[in-house]
Amino acid sequence: MRVAESVSGSAGVASGHKLATEAGIEALRAGGSAVDAALSAAFTQWVVNAPQSGPGGEMVALVAGGDEQASEVVEVYGGWSRVPLAPAGSNGANREGWPPTSGPHNAVVPGSLRGAEAAWRAHGRLDWAELFDGAGAAAAGHVVTARMADVYRRVQDRGHTEALHRMLGTGTAPGQGTTIRMPELAATLDVVAQRGSDAFYRGELADRLVAAAAEEGAALTHDDLHSVQATVEPARRFEFDDVVVWVAPAPSQAAITPALLSAAGPGADPASREYAEATAPLTEEQLTEFCRRGSALPAGTAVATAVDRRGLSATVVHSLAGVQFGTGWVANGTGVAFSNRVGTALSDRPDLPGCNRRGGAVLPHTLSAAHVRRRDGSGWMTLATPGGDRQVQWLAQAIQRFRLGAATADIAAGPRWFVCPTGDRFGVPAGIGQPWYAFAEPGIEWRDDARLAGYEVRPTANVGGGLQVVVAPHAQDGDHRHAELASDPRSGGAALALQ
């Protein structure tokens, strides 16, 4: 059984890497808001978790409350990626093996920085450039953790040695304890820090990205970059007898979550057969329907969640299905790796129109974030999971544990399970119509059974990680109570708090 430790304080940060969490804490110490802290952590993750997150991907930020969460305003800032206006090789879209799932041909038009800047303009208290301090320090040199050593090894195993070379100056995966530097990414982020996101979408840096794309076969153009804008909208609100739940709206897959919560009921243990039998078939149905309307595949992702002393909470989910799982393309001279969602989220199947190619379309995503409040006023939670067919199921399982009154550490670290097609854990949309399987960790009561609700059960030691959680009670009679934060131990992250 994995163990998570929760921390408590008047403000805090939880993320998938200790250096990122520390960057967020420094933002809070400097007087920054929860949004400043979450973004500082996210930008640092772009460096310390570069194969799985970065400015070449997508981002969603969910921001809730303030003034000890007295407000019911929950906003979502979307920096969604999209299909290039004229996709590379679109004239060969009907040939076998198209679109490719690796290489610059399937690179998205990234939206991360637009979404980040929109959230900062609405809720930030620090200067924009200060949010990149942690990223700059990490790019100057940081030590590879055990988890990241494994990530880099997988990059090498996929044959993406040129991407490694462009990121690190060497095509060999660095081992645990190695100090690595990323001068090209540092220079790129410094330009963005000093000049804002326009530098990425319209300035000299944009010229370099487009030139690299033209040289290596990506479809990225100036028109693509100029067209990127953030979306700002209310979160979707769902009422239950015991809680109110807000989730990121489409194109996020998080909208599936309320249906799973409704099917299970408030008293069902998410590790139980009762819960699983109620939600597993519905999950398949909902994921399949998402592919008809619009879907996405899993990505290497990162999450940062923060709360400040005013009770404002923010969670930032940012994705890069790029170097580890996807394109393996880093734009030469910039250090920017690009997400490959154009390759993996598309299908030419007529029964899955939501996955069909449309130039300029904002791509549906699995980045999942939520805010939950107890209806009796006794507390709230803000949390997020990385992208992927698995993680939206974990979001529902974490919310279910909150409904049951579980400790914050247990919400982050409790045993998990999921269903998906084809048995490779990354099956939607490609695996629709193929067999689905149920994967379960130790601690799931039906893990050693042969079948669950018609699914073959496949025990696994680790289904994956990335969940970051902040939980707090409401202040009563002016008594400010500390929030609690926990980081999913599967992701090798950390949670820190200020007193």
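These numbers come from a predicted model, not from an experiment. Below, all heavy atoms of this structure are taken into account, side chains as well, without hydrogens, waters or symmetry copies.
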Which atom names give the shortest non-hydrogen contact between [X] and [Y], and what distance separates them?
X	Y	value
S81	G57	CB-O, 4.5 Å
T44	A23	OG1-CB, 3.2 Å
P281	A276	CD-O, 4.2 Å
A271	D269	N-OD1, 2.9 Å
R451	R273	O-NH2, 3.3 Å
A304	A42	CB-N, 4.2 Å

Stepwise side-chain hydrogen bond (donor to acceptor under 3.5 Å, both in side chains) test for Q468 and S487: CA-CA 5 Å; Q468 311 297 336; S487 178; 2.8 Å; yes
Is there a side-chain contact between [X] and [Y] in this structure, where contact means two heavy atoms from C-beta onward sitting under 4.5 Å apart?
X	Y	result
M148	V48	no
W329	R166	yes
V303	L467	no
V109	L220	yes
V7	L485	yes

D150 and R153 ion-paired at < 4.0 Å: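 Result for this pair is yes, salt bridge flagged.
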Basic-acidic side-chain contact under 4.0 Å: D376, R374: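 No.
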Distance-only side-chain donor-acceptor flag, S313 / T382, under 3.5 Å: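 T382 and S313 do have a side-chain donor-acceptor pair below 3.5 Å.
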Qualifying ring pair (Phe, Tyr, Trp, His ring centres under 6.0 Å) pairs with a residue from residues 239-260, counting only residues at least two apart or across chains: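 Counting only pairs at least two positions apart or across chains, the ring pair (Phe, Tyr, Trp, His ring centres under 6.0 Å) contacts touching residues 239-260 are W246-H371.
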Ring pair (Phe, Tyr, Trp, His ring centres under 6.0 Å): pairs with one or both residues in residues 443-469, sequence neighbours excluded: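 Applying ring pair (Phe, Tyr, Trp, His ring centres under 6.0 Å) to every pair that reaches into residues 443-469, excluding sequence neighbours, yields W417-W446.
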Residue list, ring-ring contact (aromatic ring centres under 6.0 Å, His included) with Y275, at least two apart or on another chain: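 Y275: no ring-ring contact (aromatic ring centres under 6.0 Å, His included) contacts found.
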Polar side-chain atom of T257 near backbone of A396 as donor-acceptor pair, under 3.5 Å: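 Looks like no, no N/O pair under 3.5 Å.
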Test item: R447 side-chain N/O and A440 main-chain N/O as donor-acceptor pair under 3.5 Å: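 Here the side-chain-to-backbone pair exists.
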